There are 2 protein chains.
Amino acid sequence: MPTQPDPVLRLLWRHGAGEPQGPRRGRKQRLSVDDVVDAAIRIADRDGLSGLSMRLLATDLGLGAMSLYTYVPGRDELLALMVDRALGRRELPAMPDGLPDRMALIARVQYEELQEHPWLLEISGLRAWVGPGASDRYEWQLSGLEGVGLDDIEMDQTVALLSGFVGSVVQAQQRIRQDERTSGLTQAEWWAANADELDVVMAGRSYPLAGRVGAAAGEAYQAATDPAREMEFGLARIIDGLMSYIEGKQAAQR
Amino acid sequence: MPTQPDPVLRLLWRHGAGEPQGPRRGRKQRLSVDDVVDAAIRIADRDGLSGLSMRLLATDLGLGAMSLYTYVPGRDELLALMVDRALGRRELPAMPDGLPDRMALIARVQYEELQEHPWLLEISGLRAWVGPGASDRYEWQLSGLEGVGLDDIEMDQTVALLSGFVGSVVQAQQRIRQDERTSGLTQAEWWAANADELDVVMAGRSYPLAGRVGAAAGEAYQAATDPAREMEFGLARIIDGLMSYIEGKQAAQR
DNA sequence: CATCTATTCCGTACGGCGTACCAAAAAGTT
DNA sequence: AACTTTTTGGTACGCCGTACGGAATAGATG
C-alpha cells in the first residue's frame, strides 16, 4: 500500500521531460507558472516575504486573486517554487583548483545569493522540497568536495557547515539593516540617542566586556563599507579547521 | 536635538532599579508583564510563533483581547520581550578551564536553548533590542573568550561564529521535523513513497554525487538517535580553526 | 456545424489576524 | 463625594489565505 507521491514534485520539476504536454482541453492559461514565480520573486526581493500577498501578486500579474490558485496550490507551495527557482536561475561557476578556494567559492555563491534574495532567510518552518534548483546546487557544492578525502557524510556536513555559516552572517547583517529601517536611525545614532536611557535603566548591572567589545565592534562594523568583511574571519577559521582535518586524515592513511 | 529614547527599553529592563514603582492611580492590573510574557513563551514552545496570536494569549490569560495592549504595545514588542526573557531565564554555567571547552560550552548552551525554544529561530526580520537577558548572555559568552589573545572585534566575531553555526544546525533539524510533521511520513518513508515519482520527474537529469551522498547522509541521520551528532563535526572543525588561529597569534607575538 | 466536457477566470464570502477606538469599571487623589 | 487616571473588553476596520460556485473559453465529439 504505497503512499501517494507528493503532488508538488510535478510542479517543481515542471520543465523536465516527465510532463505530457499534449494539447489540453478547456480555457488556456494566460500565463505560465514561471511567470507567476518570477513575479513573486521580484516582489519578495523588493518587499520581503511579508510584502508578498496572493492578492498583490495576482493584481501585479493582471489576474483576479483566485486565478492564482490554478497555477499554484497555495502560498506555501508558491514559496517552495520560488526557492527552487531562485536557486536554479543562478549560474554556477566552475570549481577552481585549490580546495580552500573551492570552499570559499561555495560560501561566496551562497553569500551573493542571500544578498540578492534576502527572503530566502525568512523561509523557515517550511517544508524542504527537492526540486531541480536545489538538486543542481547540491550537486555542484558536492563536486567541489569530491575526492579530497572526505567520506560521504563528511561531505554533506561540510556543505552544511559552509552554507549554514554564511546564512547566519547574512542574517545578522539583515537584522542590522532592519533595525536601521524601522528605527530610522543608524546604529551609531541609536546608541547615541539611547545612551542616557540605558544608563538609567541598567542601573545596578554592569557589562564590562559587553560594553567594551560591543563598542569596538560597533565602530568597526559601522565604518566597514564592505559588509563582506564580517564574513572573512569566520570563513577563514572554518576553512582552516576543515583543511587541517582533511590533512590529518590523509596523513593517517599513509 | 536628541531623538527620543526607545520606549521598549523601559519594558525590557523593567526589573531594574530604574522603575519608580510608587502606588499609581487607576484600576490595578490583574497580571504582570512577566505573566504575559511567560504565558506567551509557553504557547510558543508548544505551537510555534504562528500559533501564538494575541487573541489566544489573551483568553489563555483570562483577559479580553485588547487588554493585552496595556501590558505590551504590540505583538512585535511582545516577541522582543519573549526573546530576552527566554535568554534571561537560563542559568549560565561557570566557564571551564580549557579554551576549547569554553567554546564548546558556549555552543552547547545555545544548542539547548534553541531546542527548548524553537521559535527563537523563527524570529527573523525583527529588531534586535538590547535587554538584560541578551546582555547577560553576551557578557557571559565574552567572559569565556577574554584574555586568550583575541582582540575585541575577534571576540565578537568568535561568539557570532559559534552561535551562528549552532543556529544553522538546529534550523536544519527543525526543518526535518517540520517535514515529518506536515507530511506525516518519516524521511525514509517519504523517499520510499516518492522514489518512483522522482525517477519519472527527474528524467534526463542525473545527480551522481547528490544521490550517493544524500543516501548516505539520510541513512546516517535517520539512524542517529542523538541529533547532537550532527553538531559535532562542524563544531570540532570550528574550534580547531579558532584554536590554531589563536595559537598562531601567540606564536607571532613571541 | 452543435454539443459536451474540461479548464480557467474571478466575484463573493468565511474565518482569522493585529490593533484603533471608545465607553464602562475600578482604583487613587483631592 | 467628586475628580482623575488607568484597566478592561466590546465593536469594528482592513488585511490575510483560500473555499466555493458561476461564467467564460477552449478542445473533443457527435
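Naming: A, B, ... by sequence-line order, numbering from 1 per chain. Computed from a predicted structure; not experimentally measured. Computed from heavy atoms alone, side chains included, the values below leave out hydrogens, waters and symmetry copies.
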Within the structure provided, determine whether [X] and [Y] are in side-chain contact (heavy-atom separation under 4.5 Å).
X: B:Trp191; Y: B:Leu198; result: yes
X: B:Phe165; Y: B:Gln110; result: no
X: B:Leu81; Y: B:Trp129; result: no
X: A:Leu52; Y: A:Arg75; result: yes
X: B:Trp13; Y: A:Glu197; result: no
X: A:Tyr71; Y: A:Glu77; result: no
X: B:Val83; Y: B:Trp119; result: yes
X: A:Leu162; Y: A:Val166; result: no

inquiry  = Do A:Gln178 and A:Arg181 pair up side chain to side chain, a donor and an acceptor below 3.5 Å, judged on atom types alone?
reply    =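 Yes.
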Could you check how far [atom1] of [X] sits from [atom2] of [N], rounded to whole Å?
X: B:Arg75; N: C:dG16; atom1: CZ; atom2: P; answer: 16 Å
X: B:Tyr69; N: C:dC21; atom1: OH; atom2: C1'; answer: 13 Å
X: A:Leu68; N: D:dA19; atom1: CG; atom2: C1'; answer: 15 Å
X: B:Leu57; N: D:dG9; atom1: CG; atom2: P; answer: 13 Å
X: B:Leu49; N: C:dG18; atom1: CG; atom2: C1'; answer: 15 Å
X: A:Leu79; N: D:dG17; atom1: CG; atom2: C1'; answer: 12 Å

message = Tell me if a side-chain donor or acceptor on A:Asn194 pairs with a main-chain N or O of B:Asp6 at a distance below 3.5 Å.
response =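 Checked: pair present.
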query: Between A:Glu180 (side chain) and A:Gln187 (backbone), is there a donor-acceptor pair under 3.5 Å?
result: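 Indeed, once roles are kept as given, a pair shorter than 3.5 Å links the two residues.
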So which protein nitrogen or oxygen atoms get under 3.5 Å of nucleotides 2-4 of chain D's nitrogens or oxygens?
residue: D:dT4; atom: O4'; partner: B:Arg25; partner atom: NH1; Å: 3.3
residue: D:dT4; atom: O3'; partner: B:Arg25; partner atom: NH1; Å: 3.3

For B:Met54 and for A:Gly62, find the nucleotide of DNA chain C with the closest heavy atom, then tell me which residue's nucleotide is more 5'.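 Here A:Gly62 is the residue nearer the 5' end.
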Quick one: is [X] getting a side-chain N or O under 4.0 Å of the [N] phosphate, OP1 or OP2?
X: B:Tyr71; N: D:dT8; result: yes
X: B:Ser67; N: D:dT7; result: no
X: B:Thr70; N: D:dT6; result: no

I'd like a list of close polar pairs between nucleotides 10-14 of chain D and the protein, N/O only, cut-off under 3.5 Å.
residue: D:dA12; atom: N6; partner: B:Arg55; partner atom: NH2; Å: 3.4

For residues 27-42 of chain A, which residues have at least one heavy atom under 4.0 Å from DNA chain C?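 DNA chain C contact set from residues 27-42 of chain A: A:Arg27, A:Lys28, A:Gln29, A:Arg30.
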